Asker: 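First the structure, then my questions, so here it is.
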Amino acid sequence: MPVSKRIEVNDLNVYYGDFLAVEGVSMTIEPRTVTAFIGPSGCGKSTFLRTLNRMHEVIPGAHVRGEVLIDGNDLYGPGVDPVLVRRQVGMVFQRPNPFPTMSIADNVLAGVRLNNRRMPKSDADDLVETSLQGANLWNEVKDRLHLPGSSLSGGQQQRLCIARAIAVSPDVLLMDEPCSALDPISTLAIEDLIEELKQEYTIVIVTHNMQQATRVSDKTAFFNIAGTGKPGKLIEYDTTSTIFTNPNVQATEDYVSGKFG
Amino acid sequence: MSNETISRPGTGRPADATTGKAGGRPADRVFLGLSTGSAALIMVILAAVALFLIIRAAPAIAANWTTDPNLSHGTTAGHADFWSYVLPLIWGTLWSSAIALVIGAPIAIGIALFISHYAPRRLAGILGYLVDLLAAVPSVVFGLWGIFVIRPFLLPAEQWLVQHLGWIPLFEGPQSGTGSTMLAGGIVLAVMILPIVTSISREIFLQTPRLHEEAALALGATRWEMIRYAVFPYARSGWSAPSCSGSAGRSGRPWRWR
Ligand SMILES: Nc1ncnc2c1ncn2[C@@H]1O[C@H](COP(=O)(O)OP(=O)(O)OP(=O)(O)O)[C@@H](O)[C@H]1O
Ligand SMILES: [Mg+2]
């Protein structure tokens, strides 16, 4: 059973080389909540999200200054292995990315096999089933677990990616626009899923869909950017109902009511 | 919000595109003809070469080499017919190519992986350049290197193999006194196929979709695990081809200096 954790960010700056992409973000994300990141394109939502599991380090030159604590442990402390961080903080991407040549079952088990754990076959089968059930995909694929991951529809692939992410029992689940490539029905399926996953996981989701933010999230963070080349900033962070009905900052109000720009 | 999108005026682009396409049709046809013609020409030339070789070689293939005055002495002396002369050569080519692949392909793939996924960008550029430079070395240089360096260098090792592992048919004596062995040939060939296999593998590795690499990394894969999960599966269809063509292109040549 995963232990969902509190995330605390203190005055975080994110750079791509010399370019300051995100400036001065501080926020606390409570365990077992869903937090939505909203804001205009290019304001650094993905960039900031990736710093929560050090995925930004995959990009040459990207680095941070500041502090990210997960249950009090500094993510960027000396001797912290980013590989281990990513095993605790899972991520689902904008475009579904199952391993195309691996079977559906192997995709689910991919993360577990990384830990070099030799699992008895029956345990592996159980894990495949519970993970796929957790991702609301089991009934659709239980008869073709041996087929390649690429044989599924886009929405199914995305749920497969979620199953793959939760199979390793992470503490936190990051989702970067997980529904933007999906039809409304798959989107609703994933929103329902997020609602369920919230019982066990701390979830952070980036979305451009205001309705989605209001439907799934407990708290919402609005990011904005003053102009091209300027760093993105966290403008307002509050309960979702406050952000959408009674925000404190004018820019937030303009953005959520569609009067932006 | 959706009303706005719908009422946005059209730009008249589709009509332009249609007329543009209509105007381009004769040019399309000419180009299609040209490129199809060029492709066909390659096939025709290859077929012509094959035909020429077969026709000109037919008398030698058909002849009885023990009685034919042209073939019963000189380098072809002592062979009953064409096949008894040629089969060992074909066998040698295949054998040495296999050795070259076994030795060369893993090294080439290692170098390619280092360049594509481990080395910092500057170093990767320099290394890639060096490997391409290796491809520009004339094959006669490799041949001489094989004769004067690799052969004597391998002699003691081969002696050891025959002495201690001679009971394995592969290493059975008698040992070649000059060192002109399949192993020496295979090693020279391995170095010769290195550049082409490396550079093609590097190109394939670099094309691995970032999406799949990130999928592996986000699951907590180390770099090597990411390569196993994302890069190799993507490259698998591609890399057996460059290894083979690399050795095919090279294997005919070094035998000239034996
Ligand atoms: N790999 C990169 N290298 C350099 N700069 C980058 C890179 N990725 C993003 N940026 C820059 O960082 C800033 C924030 O980008 P980011 O992708 O985080 O925005 P976003 O809020 O996720 O936008 P969107 O809503 O379109 O996904 C942008 O100015 C972008 O140009
Ligand atoms: Mg983004």
Side-chain angles (χ1 to χ4, degrees), chain A residues 46 49-50 52-61 81-102 106-116 148-150 157 160-161 164-170 173-176 181 210-211 257-260, chain B residues 1-8 109 112-129 201-243:
Chain A
S46 303
L49 188 76
R50 283 167 157 261
L52 300 182
N53 71 343
R54 297 183 68 165
M55 271 303 284
H56 69 286
E57 288 172 13
V58 170
I59 298 157
D81 184 353
V83 165
L84 296 180
V85 168
R86 292 178 199 139
R87 288 181 188 177
Q88 282 162 27
V89 184
M91 188 160 206
V92 175
F93 295 81
Q94 180 170 354
R95 285 182 50 205
N97 57 358
F99 299 113
T101 53
M102 275 187 206
D106 286 341
N107 259 287
V108 176
L109 294 172
V112 189
R113 296 225 168 101
L114 284 178
N115 297 319
N116 257 338
S150 50
Q157 287 186 20
L160 177 58
C161 293
R164 181 176 65 186
I166 60 181
V168 292
S169 314
L173 203 53
L174 308 176
M175 301 181 162
D176 193 349
M210 301 297 155
Q211 284 84 38
S257 61
K259 274 188 289 185
F260 200 72
Chain B
M1 229 154 63
S2 63
N3 278 341
E4 257 175 41
T5 335
I6 292 164
S7 66
R8 201 167 282 155
I109 288 169
L113 267 185
F114 182 75
I115 294 175
S116 65
H117 282 88
Y118 285 92
R121 204 172 297 169
R122 290 246 339 253
L123 183 61
I126 296 170
L127 276 176
Y129 178 75
S201 305
R202 181 188 59 192
E203 287 312 307
I204 295 173
F205 293 158
L206 282 173
Q207 280 167 23
T208 311
R210 183 153 199 112
L211 219 56
H212 299 152
E213 294 181 355
E214 291 194 338
L217 291 171
L219 282 175
T222 60
R223 206 178 303 206
W224 170 240
E225 288 166 334
M226 179 271 281
I227 287 168
R228 269 177 32 219
Y229 272 50
V231 179
F232 283 161
Y234 177 79
R236 194 158 293 146
S237 54
W239 86 257
S240 53
S243 303

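As the structure is a computational prediction, the values presented were derived from the model and not from experiment.
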Asker: Any salt bridge linking B/Glu225 with A/Arg87? Criterion: basic side-chain nitrogen under 4.0 Å from a carboxylate oxygen.
Answerer: yes
Asker: Can you confirm whether B/Pro233 sits close enough to A/Met102 that some side-chain heavy atom of one is under 4.5 Å from a side-chain heavy atom of the other?
Answerer: no
Asker: How long is the gap from CG on B/Leu217 to CD on A/Glu57, to the nearest 0.5 Å?
Answerer: 11.0 Å
Asker: For chain A, find which of B/Ala230, B/Ala221, B/Ala215 contributes the most heavy-atom pairs closer than 4.5 angstrom.
Answerer: B/Ala215
Asker: Side-chain contact test, heavy atoms from C-beta onward, threshold under 4.5 Å: evaluate it for B/Leu219 versus A/Arg86 and give yes or no.
Answerer: no
Asker: Got a sec, which residues hit salt bridge (charged side-chain N to carboxylate O under 4.0 Å, His left out) with A/Asp106, two or more places apart in sequence or on another chain?
Answerer: A/Arg113
Asker: Who among A/Asp81, A/Thr101, A/Val58 has the most heavy-atom pairs with chain B under 4.5 Å?
Answerer: A/Val58
Asker: Please list, chain by chain and in numerical order, all residues satisfying salt bridge (charged side-chain N to carboxylate O under 4.0 Å, His left out) with B/Arg210, sequence neighbours excluded.
Answerer: B/Glu214
Asker: Let me know if A/Pro82 has heavy atoms under 4.5 Å from chain B in its side chain, its backbone, both or neither.
Answerer: neither
Asker: Treating A/Asn97 as the side-chain partner and B/His212 as the backbone partner, does any N or O pair qualify as donor plus acceptor under 3.5 Å?
Answerer: no
Asker: Would you say the side-chain atoms of B/Tyr229 pair up with the backbone N or O of A/Ala110, donor to acceptor, closer than 3.5 Å?
Answerer: yes
Asker: Do you know which of A/Ala165, A/Pro100, A/Gly90 has the most heavy-atom pairs under 4.5 Å to chain B?
Answerer: A/Pro100
Asker: Measuring heavy-atom distances to chain B, does A/Arg164 have an atom under 4.5 Å in its side chain, in its backbone, in both, or in neither?
Answerer: both
